Visitor: 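What follows is a single structure, and I will ask about it in a moment.
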Amino acid sequence: MTTDTVTDVFQEHRPVLLGVAYRMLGRVADAEDVVQEAWLRWSAADRSEVREPRAYLVRVTTRLAIDRLRQVKARGETYVGPWLPEPYVTDFGDTVPDTAERAVLADTVSLAVLVVLESLSPLERAVFVLREAFGYPYADIAAMLERAEPAVRQLAGRARRHVEERRPRYEVDPAQRRDLTERFLAAAGDGDLEGLMSLLAPDVRLVGDSGGKSKAPVRVMESADKVGRFVLGVARKGAVPDLSFRYLELNGGPALLILSGDKPDSVLQLDVVDGLIQSVYIIRNPDKLGSLPV
């Protein structure tokens with residue numbers, strides 16, 4: 001295999017590797033570091049012993065991600081306020097033509113699901129990602145993780161039950177979410193509390209992630225009244241100069257990137273259930289916004 005071919009093969013599978021690493025870690029920079037390390041392993045490997053390059057690369061990436069996740073957990077890092085995953089640009093384009101497959105990929109990369117995955121063990125998370133997001137057979141996952149297949153099935157069942165119990169159920173309808181986002185912003189900008197409240201589910205939650213480096217609620221806010229009044233209060237203050245807005249597809253759904261001048265200030269994304277806003281996610285930690293296209 002020539003050097004060009006080695007590079008081409010890796011680049012062909014790079015989006016999948018990044019998808020695995022990001023779902024494992026919830027951090028774009030860490031995922032890219034893992035994929036770069038996978039490239040080093042691939043470029044130095046004896047490829048005469050590699051039957052399936054994709055399987056080999058996914059196995060290496062998964063193991064590296066497990067190691068990285070264990071290191072993060074071992075450090076016991078404390079985080080100021082609620083934690084949300086780093087926003088991840090997802091534009092599947094023509095690479096995922098099947099609607100059902102696109103829906104699965106979007107769901108498993110959503111902010112809500114990734115928050116739940118944080119509570120899994122590294123092995124449970126790896127099995128869940130490989131099985132639920134990428135559809136690998138249990139036998140293949142067992143080989144990747146060097147575990148017996150029955151043990152992998154147990155891990156998968158435990159992880160799936162945990163996720164299904166904790167993740168909120170919401171409609172994956174990009175057009176509706178985009179429409180509600182626009183109406184949400186319009187009501188906030190007009191100071192229309194009644195209009196804003198009509199968009200919110202009674203038990204709506206607002207999760208703000210600043211990492212203590214920007215202004216955001218230090219606790220999760222719950223109820224339409226609290227969330228509505230908070231959003232209007234922020235809109236009235238208008239503290240961010242030179243505001244502009246850009247819609248992106250982040251974590252499998254439409255999101256709003258708010259810019260101050262030419263710098264990302266925050267990301268807003270909504271989850272929708274039965275036509276009402278169930279969750280409001282606001283990410284303002286500058287460390288998590290640097291990779292977004294402006």
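All of these numbers come straight from a predicted model, not from anything done at the bench.
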Visitor: Would you confirm whether Tyr22, through its side chain, and Glu86, through its main-chain N or O, come within 3.5 Å as a donor-acceptor pair?
Guide: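 Confirmed, Tyr22 side chain pairs with Glu86 backbone.
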Visitor: Does any N or O in the side chain of Asp30 come within less than 3.5 Å of the main-chain N or O of Leu25, such that one atom is a donor and the other an acceptor?
Guide: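 Between the backbone of Leu25 and the side chain of Asp30 there is no qualifying donor-acceptor contact (under 3.5 Å).
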Visitor: Tell me every residue that passes salt bridge (charged side-chain N to carboxylate O under 4.0 Å, His left out) with Arg59, counting only those two or more places apart in sequence or in another chain.
Guide: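 Applying salt bridge (charged side-chain N to carboxylate O under 4.0 Å, His left out) to Arg59 gives none.
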Visitor: For residues Ile283 and Pro87, report the shortest heavy-atom separation together with the two atoms involved.
Guide: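 That closest heavy-atom pairing would be CD1-CG, 3.6 Å.
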Visitor: Between Leu199 and Met197, is there shared hydrophobic-cluster membership here, with clusters defined by ILVMFWY side-chain heavy atoms closer than 4.5 Å?
Guide: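 Hydrophobic grouping puts Leu199 with Met197.
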Visitor: Taking Arg23's backbone N and O only, do any of them form a donor-acceptor pair with Arg125's side chain (distance below 3.5 Å, no angle check)?
Guide: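 The answer is yes, because a donor-acceptor pair under 3.5 Å joins these two groups.
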Visitor: Between Thr62 and Val58, does the side chain to side chain contact (heavy atoms under 4.5 Å, CB included) criterion hold? Intermediate values first, please.
Guide: CA-CA 6 Å; Thr62 301; Val58 170; 3.9 Å; yes
Visitor: Using a distance-only test with no angle check, is there a side-chain donor-acceptor pair under 3.5 angstrom linking Tyr281 and Asp271?
Guide: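 Judged by distance alone, the side chains do pair up.
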Visitor: Does the distance from a Lys or Arg side-chain N to an Asp or Glu carboxylate O, for Arg63 and Asp67, drop under 4.0 Å?
Guide: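 Answer for the salt bridge query: no.
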Visitor: Show your reasoning for whether side chain to side chain contact (heavy atoms under 4.5 Å, CB included) applies to Val72 and Arg27.
Guide: CA-CA 11 Å; Val72 170; Arg27 302 161 180 85; 4.0 Å; yes
Visitor: Do you know which two heavy atoms are closest between Phe10 and Val35, and how far apart they sit?
Guide: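 In this case the closest contact between Phe10 and Val35 is CZ-O, 3.5 Å.
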Visitor: Hey, quick one: are Leu84 and Val80 part of the same hydrophobic cluster, counting side-chain heavy atoms closer than 4.5 Å, chains of contacts allowed?
Guide: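 Cluster IDs for Leu84 and Val80 differ.
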Visitor: Between Arg131 and Tyr136 (side chain of the first, backbone of the second, donor and acceptor by atom type, cut-off under 3.5 Å), is there such a pair?
Guide: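 Side chain of Arg131 to backbone of Tyr136: a pair is present.
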Visitor: Looking at every heavy atom in both Trp83 and Gly26, which two are closest together, and how far apart are they?
Guide: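 Answer, listing the atom of Trp83 first, then Gly26: CZ2-O, 4.2 Å.
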Visitor: Hey, mind stepping through Val34 and Met24 against side chain to side chain contact (heavy atoms under 4.5 Å, CB included) and telling me if it holds?
Guide: CA-CA 11 Å; Val34 162; Met24 283 289 298; over 6 Å; no
Visitor: Which heavy atom in Ala201 sits nearest to a heavy atom in Ala224, and how many Å separate them?
Guide: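 Closest heavy-atom pair between Ala201 and Ala224: O-CB, 3.7 Å.
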Visitor: Sort out for me which residue in Leu17, Thr7, Val60 forms a side-chain contact (heavy atoms from CB on, under 4.5 Å) with Trp39.
Guide: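 When Leu17, Thr7, Val60 are each tested with Trp39, the side-chain contact (heavy atoms from CB on, under 4.5 Å) holds only for Thr7.
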Visitor: Show your working on side chain to side chain contact (heavy atoms under 4.5 Å, CB included) between Ile282 and Leu206 and close with a plain yes or no.
Guide: CA-CA 8 Å; Ile282 302 174; Leu206 185 146; 4.0 Å; yes
Visitor: With a 4.5 Å heavy-atom cut-off, do Ile258 and Leu243 have their side chains touching?
Guide: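 Side chain of Ile258 against side chain of Leu243, heavy atoms only: contact under 4.5 Å found.
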Visitor: Does atom CZ (Arg229) have a neighbourhood of more than 12 heavy atoms from anything else shown, all under 6.0 Å?
Guide: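 Atom CZ in Arg229 is not packed in, count stays at 12 or less.
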Visitor: Under 3.5 Å, is there a donor-acceptor pair between the side chain of Gln176 and the main chain of Val272?
Guide: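 Side chain of Gln176 to backbone of Val272: no pair is present.
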Visitor: Do the side chains of Leu185 and Val231 join up, straight or via other hydrophobic residues, at under 4.5 Å, putting them in one cluster?
Guide: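 Yes, because Leu185 and Val231 connect within a single hydrophobic cluster, where side-chain heavy atoms sit under 4.5 Å apart.
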Visitor: Taking all non-hydrogen atoms of both residues, which atom of Val116 and which atom of Ser119 are closest, and how far apart?
Guide: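 It is O-OG, 2.6 Å.
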Visitor: Hydrophobic cluster membership, with links at side-chain heavy-atom distances under 4.5 Å among I/L/V/M/F/W/Y: are Val234 and Leu270 in one?
Guide: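 Yes.
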Visitor: According to salt bridge (charged side-chain N to carboxylate O under 4.0 Å, His left out), who are the partners of Lys263, at least two apart in sequence or on a separate chain?
Guide: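 Expected list: none.
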Visitor: In a table with atom names and distances, give each donor-acceptor pair under 3.5 Å that connects a side chain of residues 211-222 to protein atoms at least two apart or in another chain.
Guide:
unit_1	atom_1	unit_2	atom_2	d
Lys213	NZ	Asp287	OD2	2.2
Ser214	OG	Arg284	O	3.0

Visitor: Please confirm whether the backbone N or O of Arg160 pairs with a side-chain atom of Glu132, one donor and one acceptor, at under 3.5 Å?
Guide: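 Checking the backbone N and O of Arg160 against the side chain of Glu132, no donor-acceptor pair under 3.5 Å is found.
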Visitor: Determine whether a donor-acceptor pair (N or O, by modelled atom type, separation under 3.5 Å) exists between the side chain of Lys288 and the backbone of Asp209.
Guide: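 Side chain of Lys288 to backbone of Asp209: no pair is present.
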Visitor: Under 3.5 Å, side chain of Asn251 to main-chain N/O of Tyr88, donor-acceptor pair present?
Guide: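 Side chain of Asn251 to backbone of Tyr88, a donor-acceptor pair under 3.5 Å: yes, one is there.
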Visitor: Which atom pair, heavy atoms only, marks the closest approach of Leu196 to Gly228?
Guide: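 Taking Leu196 first and Gly228 second, the nearest heavy atoms are CD2-O, 3.5 Å.
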